[in-house]
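Within every chain, numbering begins at 1; the chains are lettered A, B, ... in the order of the sequence lines, protein sequences first and strands thereafter. Note that the structure is a prediction, hence the values are computed from the model and not measured.
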Amino acid sequence: MAERAALEELVRLQGERVRGLKQQKASAEQVRPRRQGRGQSKAEEDRAGVVCTEIEEEVAKLLKLKAQLGPDEGKQKFVLKTPKGTRDYSPRQMAVREKVFEVIISCFKRHGAEVIDTPVFELKETLTGKYGEDSKLIYDLKDQGGELLSLRYDLTVPFARYLAMNKLTNIKRYHIAKVYRRDNPAMTRGRYREFYQCDFDIAGQFDPMIPDAECLKIMCEILSSLQIGDFLVKVNDRRILDGMFAICGVPDSKFRTICSSVDKLDKVSWEEVKNEMVGEKGLAPEVADHIGDYVQQHGGVSLVKQLLQDPKLSQNKQALEGLGDLKLLFEYLTLFGIADKALEEKVRTTETQVLVASAQKKLLEERLKLVSELWDAGIKAELLYKKNPKLLNQLQYCEETGIPLVAIIGEQELKDGVIKLRSVASREEVDIRREDLVEEIKRRTNQPICIC
Amino acid sequence: MAERAALEELVRLQGERVRGLKQQKASAEQVRPRRQGRGQSKAEEDRAGVVCTEIEEEVAKLLKLKAQLGPDEGKQKFVLKTPKGTRDYSPRQMAVREKVFEVIISCFKRHGAEVIDTPVFELKETLTGKYGEDSKLIYDLKDQGGELLSLRYDLTVPFARYLAMNKLTNIKRYHIAKVYRRDNPAMTRGRYREFYQCDFDIAGQFDPMIPDAECLKIMCEILSSLQIGDFLVKVNDRRILDGMFAICGVPDSKFRTICSSVDKLDKVSWEEVKNEMVGEKGLAPEVADHIGDYVQQHGGVSLVKQLLQDPKLSQNKQALEGLGDLKLLFEYLTLFGIADKISFDLSLARGLDYYTGVIYEAVLLQSPAQAGEEPLGVGSVAAGGRYDGLVGMFDPKGRKVPCVGLSIGVERIFSIVEQRLEALEEKVRTTETQVLVASAQKKLLEERLKLVSELWDAGIKAELLYKKNPKLLNQLQYCEETGIPLVAIIGEQELKDGVIKLRSVASREEVDIRREDLVEEIKRRTNQPICIC
């Protein structure tokens, strides 16, 4: 009995040792956002490798000790908990979950998607070699003499297996189900080991960018319907990235690892990213600077057009392909009415909300009166310092500086007592009664109607 | 290389040897319906034990061989199959599944149940010791240095864990989810290793038999609504069985094993069952006969009353309790209008590991081959019972929370419904799309994109073909194949006139609708509310 107690104590201590090592490792990984197939610097790899080996050794020791303890049958103590990284859903949480799924599913159905389901585990070989480094996070089932199985890590590999197995050449499907990752949930808040994914995929050979545009449309519809706040969809293209790296002088072998550095720009500053690329990953400083010129840019379709004119980038075949497709994509997104959501955080230097414009000549007086009214009402407004500016130039000014609305004064509208309010992003125009204009502008720019 | 190929061949042969042994074992088990906690005769146990040991030895050999092969990384071959005993659900099968769940869930909701969900795996210790013999069918996860985990075997033990963990004393909940059992699916047709269960349970201390009656009411409502044919619900009580065995002279130690024999009466004749009890399980023939007098009986409440008068049975305290409760149950079932679907059947002895009171099982009836023949049950589609002691096993202080519940075996129901739909030639649509936005001439993609976006924004389910210049015929064909009822056709002339041609796929009638009226017209035709408030 004493022997057993001593063994149990050894197991406990060894277990803590393993947990400690894993915590250390996870701390080191904290800055690295989790992505599939991300690269690592050699130094990073070596360091991680040493810790990994150490963990493996200690885990092996732990398993040996546990084996000595023997099987657990007959143990009376019951542990009242769900496994680490998992949770029950109470009725209240189920109600929330059902509401959210309802919104998501009705959107998927609205777009004509079918639904499928797959088993919770796959043959281990199906998942092998698909997830790069993250493969160590896969839950394996015990070898009980039959097939080797693993719990699914995502819904995409099962989808690919489903397509191949059924020899399907096209399908539009959604799949909502739980996936499993032996992550370290303590490190990243809210990171579970069992969690839902809601996937929507279009498989098949079609005319370019139409399905891609529909995916973005779906994303926007869902995020809007869920009413969880304003959102932004960032868009890029693998071919543009590769082309950009090529013309900046990044060696092929470093593509992935530089990608992972660049990817951190949404969390850390350019200086830090540059330091990592140059200091840790051995990139030449000029190359890093070159990359910096590109990757700090974001905008709407105007940026795409600008890059298509870029002397270096336009020489690169891959980048051209990617840019061409993005241009087409933006056209479709505009028709879908979501181009304004597909802009990156526009780095604007002003906060102007409305440009007061005129459609014909000799309307400067009217413009001055109206812009003054708007300023008096606390609205950020501008006008061009030209007596008779062309409408096209005024609209272009809005695009360049990111002004979202145009209040267009025209002769006919003056007679009718309305102003034409135009949304720059969607190009939609609507006539608003002069007396309602301030309220309408405030509504559209999410300003409180009443400034108290 | 040759060495590896030879090793691989050894592994293959050993794998077949193991499979062969397992098949043998499963053949031996073929007559035994799968129940929880069924007993075995000593001879049976010995024989099973020998085969088990042999299987274990061969499996160990197999694992050793595999270990020599080393890890499988870098293997290029992609195996295109789901694991043994599991399957994908195609869109068609999902449509059937959704229909069935809708009926079941709406019934649970109608009875005021809340819904919960639990993780797919539990700590191994949570499941240990709850399933008797069937424990060997539990899927374990590999020990990767952390907690020992197992995939859930049913939804009842997780429920008991949930109650104890949250210190709940009463709840009415349903839970629909997949469970996992390392069964041998080849032996029993349609038996999967991953399959859905739909559980409904009432936990709490209440006045006797009212919740139990509601469970039976729910079972009947669901089976009726699903329209899968006539059914029968067999009812018995653990205490009546125990009392009956006692007065017949069954030794305590043989209770479980005799139970499992009696349970086979729905599949084999009394003679066979008696032979097994006497020949294999060592029961005295008179005792077996005595049992036979009772267990071949079934009927309605009149049988309950009759047994309450039985001179021997009424001497047994347990049996009296059970009979009393069943009498009360029948009164409630009559008030619920379902007494004619219920049969008090003394041969019902299903999985007794945690049931403590009333037990029930619903079977579908085949139409009799000849008039006057009794309908045969062809397999159970739902079952349940009262289990007052399970939560107490989890509670640190042993606090008991009485529970009664039911589980619907939907996998069988899926295939029945699928067959029925095929027979009726009812087309099962896999999407709900209401309109296809089409173009009659070339260069109208932009217009299609704008229109489909308008429809989506108005909440209408719409699609378009991912082609810049699709032929009208192909677009119409797509509608026929997928069951889309309406087509909104954009044409050059119509654009000029400010109209869209709305075509009904079924009737082929076309009418021009003004662009601004299109959304309303589509909603009207698809019975959608015009105003989404």
Would you verify whether the NZ or CZ of B/R87 falls within 45 degrees of the ring axis of B/Y192 while also being under 6.0 Å from that six-membered ring's centre?
yes
Heavy-atom cut-off 4.5 Å, strictly under: side chain, backbone, both or neither for A/I116 against chain B?
both
Highest number of heavy-atom pairs under 4.5 Å with chain B among A/K217, A/E122, A/E331 belongs to A/K217
Name the option with the most non-hydrogen atom pairs under 4.5 Å to chain A; the candidates are B/D457, B/T433, B/I484, B/T430.
B/T430
Can you tell me which of B/L62, B/D143, B/I171, B/L149 forms the most heavy-atom pairs within a distance under 4.5 Å of chain A?
B/D143
Out of curiosity, A/F121 CZ to A/T126 OG1, how far, rounded to the nearest 0.5 Å?
12.0 Å
Under 4.5 Å heavy-atom distance to chain B, tell me which part of A/L163 shows up: side chain, backbone, both or neither.
neither
N-O pairing of A/K84 and B/E147 below 4.0 Å:
no
So do the side chains of A/Y131 and A/I138 get within less than 4.5 Å of each other, counting heavy atoms only?
yes
Give the intermediate values and the outcome of ring pair (Phe, Tyr, Trp, His ring centres under 6.0 Å) for residues B/F414 and B/F101.
CA-CA 10 Å; B/F414 290 158; B/F101 281 167; 5.7 Å; yes
Non-hydrogen atoms of chain B under 4.5 Å away: do they reach the side chain of A/L63, the backbone, both or neither?
side chain
Got a sec, which residues hit side chain to side chain donor-acceptor pair (under 3.5 Å) with A/K142, two or more places apart in sequence or on another chain?
none
Relative to chain B, which of A/T334, A/N166, A/I210 shows the most heavy atom pairs under 4.5 Å?
A/I210
Chain A interface, residue from B/Q144, B/K468, B/M94, B/R161 that has the most non-hydrogen pairs under 4.5 Å
B/Q144
Top contributor to chain A contacts, counting heavy-atom pairs under 4.5 Å, from B/V115, B/V59, B/T118:
B/V115
Which salt bridge (charged side-chain N to carboxylate O under 4.0 Å, His left out) pairs, counting each pair once, include a residue from residues 89-103 of chain A, with sequence neighbours left out?
A/R97-B/D117
Ring of B/Y180, cation from B/R152 - is the NZ or CZ under 6.0 Å from the centre and inside 45° of the axis?
no
For chain A, which candidate among B/A95, B/A60, B/P91, B/G145 shows the most heavy-atom pairs at distances under 4.5 Å?
B/P91
Contacting region of A/K81 [heavy-atom separation from chain B under 4.5 Å]
both
